[in-house]
Engineer: 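Attaching a single structure in structure tokens format; questions to follow.
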Amino acid sequence: MSGILDFFKPAPHIEEIQDPQLVKQQYRYWRMRILYSMFIGYAVYYFTRKSFTFAMPGLIEELHFDKGQLGLLGSMLYITYGISKFASGILSDRSNH
């Protein structure tokens with residue numbers, strides 16, 4: 001059990017980069033990559049969310065799902081999204097960058 005709880009402990013401290021030139025270089029390197037990653041990740045989520053709405057009539061007709069089952073499936077998608085955001089937050093806090 002302690003192995004699971006160790007995951008939530010803060011990462012060990014890493015000394016800050018003191019060289020201003022290196023800080024500037026690292027910032028320039030990561031700034032656009034992070035922006036693109038966030039943009040693409042949200043776009044994929046948004047299009048997936050919308051496509052499920054459009055797929056619902058086909059799921060009802062071809063696979064004989066009822067509206068309750070589709071509501072449960074839709075709720076599971078949003079809950080999974082929320083859990084993934086929570087887990088991503090924990091991982092980013094532990095990344096030490």
Engineer: As an exercise, state the distance from CD of Gln25 to CH2 of Trp30, rounded to the nearest 0.5 Å.
Structural biologist: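 CH2 of Trp30 is found 12.5 Å from CD of Gln25.
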Engineer: Let me confirm one number: the CG-CZ distance from Leu72 to Phe65, rounded to the nearest 0.5 Å.
Structural biologist: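 Here the rounded value is 10.5 Å.
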Engineer: Partners of Asp19 by side-chain contact (heavy atoms from CB on, under 4.5 Å), sequence neighbours excluded?
Structural biologist: Gln21, Leu22
Engineer: Hey, does Asp66 have a side-chain heavy atom less than 4.5 Å from the side chain of Gln69?
Structural biologist: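 Yes, their side chains come closer than 4.5 Å.
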Engineer: Taking C-beta and beyond as the side chain, do Tyr42 and Met38 meet within less than 4.5 Å on heavy atoms?
Structural biologist: no
Engineer: Let me confirm one number: the CD1-OH distance from Ile40 to Tyr36, rounded to the nearest 0.5 Å.
Structural biologist: 9.0 Å
Engineer: Supply the atom-to-atom distance Tyr27 OH to Ile34 CD1, rounded to the nearest 0.5 angstrom.
Structural biologist: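 Nearest 0.5 Å value for the OH-CD1 distance: 9.0 Å.
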Engineer: Taking side-chain contact (heavy atoms from CB on, under 4.5 Å) as the test, write out the residues that go with Ile60, two or more places apart.
Structural biologist: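 Partners of Ile60 under the side-chain contact (heavy atoms from CB on, under 4.5 Å) test: Lys67, Leu70.
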Engineer: According to a 4.5 Å side-chain heavy-atom criterion applied to Ile, Leu, Val, Met, Phe, Trp and Tyr, with indirect links allowed, do Met56 and Leu63 form part of one hydrophobic cluster?
Structural biologist: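 Per the 4.5 Å side-chain linkage, Met56 and Leu63 are co-clustered.
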Engineer: Given the ring of Tyr29, does Arg33 sit roughly above its face, with NZ or CZ under 6.0 Å from the centre of the six-membered ring and within 45° of the axis?
Structural biologist: yes
Engineer: Main chain of Val23, side chain of Gln26: is a donor-acceptor contact present, judged purely on distance under 3.5 Å?
Structural biologist: no
